[in-house]
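Below, each value reflects all heavy atoms present in this structure, side chains not excepted, and no hydrogens, waters or symmetry copies. Note on naming: letters A, B, ... go to the chains in the order of the sequence lines (proteins, then strands), and numbering restarts at 1 for each one.
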Amino acid sequence: MEQHTAVAEHGAQVKVTFTTTEEDIQLPEGKRQLLVPADIRRYGLSRILNSESMLDTASIPFDFLVNGSFLHTSLEDYLKANGLSIESSITLQYVRSLIPPVYEASFEHDDWVSAVDVLSATSAAGRWSGDSFQRGQDRILSASYDGLLRIWSASGHVIATSPSGSHGGHTASIRAAKFLSSTQIASAGMDRTVRVWKYSEHSSAGGDHVSGDLKPTLELYGHAGSIDSLEVDGQSKRMLTASADGAVGFWTTSKTTAPEPDATLLPGAHTSKRRKVSSSVTTAQRGPLAMMNIHSAPASAAVFDPRDRTVAYSVSQDHTVRTIDLTTNVVVSTLTTSHPLLSLCALARSSSSAPLLAAGTSARHVTLVDPRSSATTTSVMTLRGHTNKVVGLAPSPDNEYSLVSASHDGTCRVWDLRSVRPATKDEGLGSVSEPVYVIDRESRQGSKKKATAAGDGCKVFSVAWDKLGIFSAGEDKKIQINRGKDVAV
Amino acid sequence: MGFKSVDKKRKTQVPESESDDELAGGFFDGVLSQSEDDSDFVADDDDDDDNDDQDDSASEGSQDDEDDEEDDDDALLSDDIPSDLDGEEALGKLLITDDEPEIEVPGVDPKRQDVGDEEKNYRIEKDANGGERYVYDEIEPGYDTDDTDAQGPANTIGDIPLDFYDSYPHIGYDINGKKIMRPASGDALQNLLDSIEVPKGWTGLTDINTGNPLNLTDEELELVRRVQMGLIPNELHDPYPDTVEYFTSIEEKMPLSSAPEPKRRFLPSKNEAKQVMKLVRAIREGRIMPYKPPEEREREAEEEDEVHFDLWQNEEPQDANPMHIPAPKLPPPGYDMSYNPPEEYLPTKEEREEWEKLDPEEREKEYLPQKYGALRKVPAWSEMVKERFERCMDLYLAPRIRKNRLNIDPNSLLPKLPSPSELKPFPTVCQTIFRGHEGRVRSVSIDPSGTALATGGDDGTVRVWELLTGRQVWSVKLSSDEAVNTVRWRPSKDSFILAAAAGEDIFLMVPSHATVTPSLDQVSRDILAAGFGYATHGQQQPVAVGKEPAAKWARPGTKLEDEGVLIRITVRSTVKVIHWHRRGDHFATVSPSGQRSSVAIHTLSKHMTQIPFRKLSGLAQTAAFHPLRPLFFVATQRTIRCYDLQKLELVKVVQPGAKWISSFDIHPSGDNLIVSSYDKRLLWHDLDLSNRPYKTMRFHSEAIRMVRFHRGGLPLFADASDDGTLQIFHGKVPNDQLENPTIVPVKMLKGHKVVNKLGVLDIDWHPREPWCVSAGADGTAQLWM
């Protein structure tokens with residue numbers, strides 16, 4: 001009897017076919033089909049794949065895509081939920097797992113943190129700086145609403161702080177800041193200026209304690225409104241800004257090549273009774289290479305094309321995504337969506353020359369658009385799950401199908417574009433993806449009050465994703481670092 | 001016939017048996033006494049012989065009669081006769097002995113002695129020659145022998161005339177050759193005598209055969225007479241015999257076999273069965289109908305033709321007569337009516353006495369609860385008849401009224417409205433909370449570019465916020481004791497001017513927001529400062545010499561000026577409402593407590609204040625410029641008046657019917673007006689249609705404080721109520737004048753807390769997006785999107 005039941009228990013087996021799109025972990029042809037117990041879960045399947053007879057790899061965590069969605073339950077439950085028979089064969093696409101990000105640290109600030117950027121060997125700035133980047137010199141840049149830039153070491157020490165407004169710094173809140181290289185930083189803010197800083201480090205007391213210095217090298221005037229986004233390209237030393245006045249600015253970081261600024265925009269251009277902000281430090285004032293007033297509503301973000309640095313994309317609250325040719329500074333195409341767009345990131349695609357654009361909307365989702373498609377087509381895919389405006393986006397450093405978004409609802413969400421489902425009637429056309437992981441604000445964990453949709457006091461303003469982890473900055477005056485536990489480098 | 005023929009045959013046999021019967025005794029005697037004395041026997045026979053002859057001839061007829069009579073018996077006997085053979089043998093013997101004397105009679109009878117061996121039918125005698133001569137017995141002529149005509153000694157002369165023998169004494173010869181002697185004929189006298197005394201049967205004729213007078217016997221006479229009479233000669237013949245009944249009712253001693261053939265002898269005929277089955281089949285199939293008289297058949301056919309309908313076959317139980325009013329039901333019995341009530345229901349002795357003392361009319365209950373050990377011990381209810389009677393009287397005497405109810409599906413009364421999901425976009429959730437004000441936030445306003453939000457509150461401050469993030473970017477304290485009642489941006493993108501009212505002062509300011517470019521800042525300052533030059537250099541209020549000016553325009557002081565507050569206008573009473581003209585040069589203020597000067601119109605470029613109305617018919621509540629035409633609307637508590645600013649005349653009076661108007665707003669297209677009132681109502685007016693509201697909506701449980709249309713082209717409006725909610729409506733005004741506007745409530749936004757019975761105090765729409773901001777009494781402003 002016992003034997004019989006045991007047989008019956010083990011008898012429920014499902015025929016699965018393993019496939020993958022990743023070249024390095026392909027299975028040999030003969031091993032792709034397998035009979036596995038029906039009650040096996042992701043972990044079990046992952047172990048089977050890692051075993052000696054299969055891939056013979058050191059434990060790579062795998063996730064399994066079934067019919068476009070990740071397998072979260074046991075195979076048996078999945079079959080039941082989808083009304084499939086146990087005899088049916090399942091095709092499992094195995095992919096490297098996205099490691100659930102674990103909270104690591106928070107860096108305290110004095111005021112809301114509006115932007116965060118990372119300098120590491122793998123980050124864009126680290127690559128741009130080339131040899132000058134020293135190994136282990138991982139730095140984190142934060143911009144705050146108090147008008148100060150801070151540079152943090154990976155261990156959470158403030159290495160450098162930018163001077164205040166009266167000493168050549170920003171006179172108002174900074175909204176965006178980026179590393180240009182290991183020695184150069186750009187920042188922009190509500191004082192309508194883009195500032196380029198020279199960052200230098202000198203280790204004192206036997207190299208244990210590192211201190212840095214931020215010196216403004218350039219003040220760039222050109223915008224008539226708060227600058228909400230800044231994008232830099234360290235190689236070509238170009239910058240893109242998007243401002244609330246609806247303009248997209250194209251700048252250079254070079255003092256010599258930058259044109260003279262418009263005098264009317266400079267502070268103190270008008271002798272009025274307005275409170276004078278006198279600066280003890282004088283820095284070079286320059287203007288933009290191009291100032292493109294292309295949006296009818298505040299422009300919220302502008303990015304370079306990841307492959308072609310002469311193409312830029314900008315989004316605005318006027319619902320449009322515009323493709324700009326930076327050589328002629330002309331809008332090439334305009335895509336109109338149905339919601340105000342608040343953030344943008346470009347996902348490079350190996351399969352095509354044009355990137356996929358992810359745009360965060362005020363309507364609580366991320367919409368993915370193909371910039372090449374005609375103006376009539378709607379978004380390729382919609383990422384739904386946020387409960388508030390999506391104001392920050394960052395692509396994964398590892399692959400081209402995952403990204404992280406930051407929202408005013410106090411969460412960052414990690415998305416995998418491979419997991420899709422068709423949209424329901426309410427959601428309109430296209431396909432929809434749901435978040436893989438949700439990163440809550442650690443500062444919220446202890447409080448009794450549950451975060452509401454309004455994200456009162458815990459809004460996330462910016463997010464950066466590096467191999468070091470996911471860095472998010474928010475209204476709780478903190479940079480929060482989350483990291484996957486066993487990220488295989 | 002068969003029977004008759006059988007009878008005839010039998011009849012012929014009858015004489016034998018008859019003679020058998022008669023002679024039986026003699027025969028047996030003879031047999032028994034044969035050996036004793038034959039001669040005696042012969043002698044006897046001799047005597048009998050003559051008699052027999054005569055008897056034979058004479059009794060011929062009577063014997064026939066007897067035969068006839070015994071026919072029936074013979075017929076019966078014939079069946080039972082033992083055997084003919086025995087009888088004949090016996091007869092043979094008998095006849096031999098019988099006939100012997102007859103042969104001997106005429107002649108010599110010596111042979112009589114020789115009759116010794118009687119076994120032989122012959123005798124051996126000696127003839128004349130002495131030789132033996134066999135003398136055979138005379139053959140007794142049987143009935144069958146044809147000698148019925150032989151009469152006595154028959155004359156054997158043959159057929160010759162008798163007169164041949166006239167000369168002879170004899171007249172002929174008998175069979176034995178002996179002369180038959182002529183009878184003696186009488187003499188004449190004898191004849192005479194004979195003729196006188198005619199003997200019986202006298203004919204006067206002579207028998208030629210015998211020569212004797214021929215006398216007729218009685219029978220012959222009778223025969224003659226019957227012939228003469230024309231009767232049937234045989235008198236014995238009965239022409240009318242009694243009917244012989246074959247099946248007689250007379251019970252016979254011996255049952256005759258006249259019974260019908262027994263059924264056991266019946267052989268069913270297959271052919272007949274076939275025929276019958278054919279008929280049966282035809283009857284079954286209805287080809288053969290039983291006969292009926294034609295009339296009856298016709299009647300039946302008529303009856304068949306008549307179709308009968310079942311009137312009640314589809315009948316369903318019907319409701320009672322519409323006028324029927326069912327009797328009201330009696331209340332169900334309680335515990336005290338139980339035969340075994342709980343103890344507490346049982347009356348105490350005092351209660352019982354008290355109850356019994358009371359007059360039956362005054363008793364509260366008509367019975368006392370009683371306890372019985374078992375249901376079978378409960379006696380009959382003595383009051384039954386009385387109770388029934390009273391109930392009937394009640395029903396009969398008490399009038400009943402039918403309540404008419406309308407059976408209308410409530411859903412059908414609802415207007416057909418599009419589903420809210422089809423009317424997207426509209427604000428649905430709170431996305432940003434603006435915290436900072438102490439005390440209520442009284443007023444909110446979004447700047448024309450849609451990036452900055454201004455709020456004013458009970459703490460006397462005006463704050464400017466970044467709209468999306470909720471970051472406060474600017475703040476100024478206008479008054480330490482007065483609340484900021486209202487803040488309104490100047491509706492122009494080329495400037496950044498905010499108007500705020502605190503108490504009796506109206507402040508105009510340029511928030512020194514970092515995002516404001518120096519040029520924009522300068523333009524705004526210039527706009528505000530322009531009037532100072534006008535005031536100093538121009539001819540300001542020449543009329544104002546003797547009068548107190550309607551308002552005083554001044555600089556608010558360096559402390560406020562450093563913050564960006566540039567102008568203070570002081571009017572006579574607390575300003576509650578500011579409304580900018582669309583061009584931004586004029587704005588109207590309303591101070592409800594201001595009596596005559598409650599409504600004022602300020603001109604920015606001239607720093608001038610005018611009071612357009614000398615007298616108002618009520619307390620002014622709010623005022624607004626028409627979005628397109630030079631019209632000015634002023635709302636008092638009950639009515640809204642529309643004035644033409646150019647002609648300075650009253651154009652229209654709108655009467656919403658509300659008791660106390662709190663706010664109104666004019667649709668951007670200019671022809672529709674929405675009015676909110678403190679009596680919880682929202683009233684939509686079509687200005688072209690009527691002075692009366694086109695639609696009244698009452699969805700809030702508390703007073704409505706504010707109502708605003710979206711100004712950026714979306715068909716939305718929202719109201720703010722003291723119940724802490726906002727309601728978003730889809731209010732589409734069609735381009736076609738003939739169509740009615742579509743008004744659909746789409747969303748109720750809950751989020752503000754109610755503090756001191758105050759909920760949401762003000763709302764404003766984003767200039768482009770379907771976002772709205774509300775000011776709450778809980779100290780927050782909220783952005784809904």
Tell me, side chain or backbone of [X] under 4.5 Å from chain B's heavy atoms, or both, or neither?
| X | result |
| --- | --- |
| L342(A) | side chain |
| H223(A) | backbone |
| Y145(A) | both |

| Between P340(A) and W771(B), what is the shortest heavy-atom contact and its length? |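 Distance-wise, the nearest heavy atoms are CG-CZ2, 3.5 Å.
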| message | Testing the basics here: between S449(B) and P298(A), what is the closest heavy-atom pair and its distance to 0.1 Å? | response | O-CD, 4.4 Å
| task | Sequence neighbours left out, what pairs pass salt bridge (Lys or Arg N to Asp or Glu O under 4.0 Å) with at least one residue falling in residues 508-518 of chain B? | result | none
| Pairs satisfying salt bridge (Lys or Arg N to Asp or Glu O under 4.0 Å), at least one member in residues 709-720 of chain B, at least two apart | D665(B)-R711(B)
| message | Is there a side-chain contact between V429(B) and R364(A) in this structure, where contact means two heavy atoms from C-beta onward sitting under 4.5 Å apart? | response |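 Yes, their side chains come closer than 4.5 Å.
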| Are any non-hydrogen side-chain atoms of K389(A) and L783(B) less than 4.5 angstrom apart? |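 SC-SC contact between K389(A) and L783(B) confirmed.
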Non-hydrogen atoms of chain A under 4.5 Å away: do they reach the side chain of [X], the backbone, both or neither?
| X | value |
| --- | --- |
| V473(B) | side chain |
| E466(B) | side chain |
| T428(B) | side chain |

| said: Go through it in stages, so that I can follow the logic: the residues are K493(B) and D245(A), the test is salt bridge (charged side-chain N to carboxylate O under 4.0 Å, His left out), and I'd like the CA-CA distance, side-chain angles, deciding distance and then a yes or no. | reply: CA-CA 11 Å; K493(B) 276 192 180 179; D245(A) 61 0; over 6 Å; no
Distance (rounded to the nearest 0.5 Å) between [X] [atom1] and [Y] [atom2]:
| X | Y | atom1 | atom2 | result |
| --- | --- | --- | --- | --- |
| Q317(A) | E769(B) | CD | CD | 6.5 Å |
| L468(B) | S300(A) | CG | OG | 9.0 Å |
| Q431(B) | D409(A) | CD | CG | 8.5 Å |

| message | With chain A as the partner, which of T451(B), T469(B), T432(B) has the greatest number of non-hydrogen pairs under 4.5 Å? | response |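 The option with the most such pairs is T469(B).
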| query | Quick one: side chain to side chain donor-acceptor pair (under 3.5 Å) partners of T320(A), sequence neighbours excluded? | reply | H295(A), D318(A), R322(A)
| Between A297(A), A244(A), G189(A), which residue shows the highest count of heavy-atom pairs closer than 4.5 Å to chain B? | A297(A)
| Residues of residues 744-752 of chain B near chain A, each having a heavy atom less than 4.5 Å away | none
| task | Check whether more than 12 heavy atoms from other residues, nucleotides or ligands sit under 6.0 Å from atom NZ of K552(B), and answer yes or no. | result | no
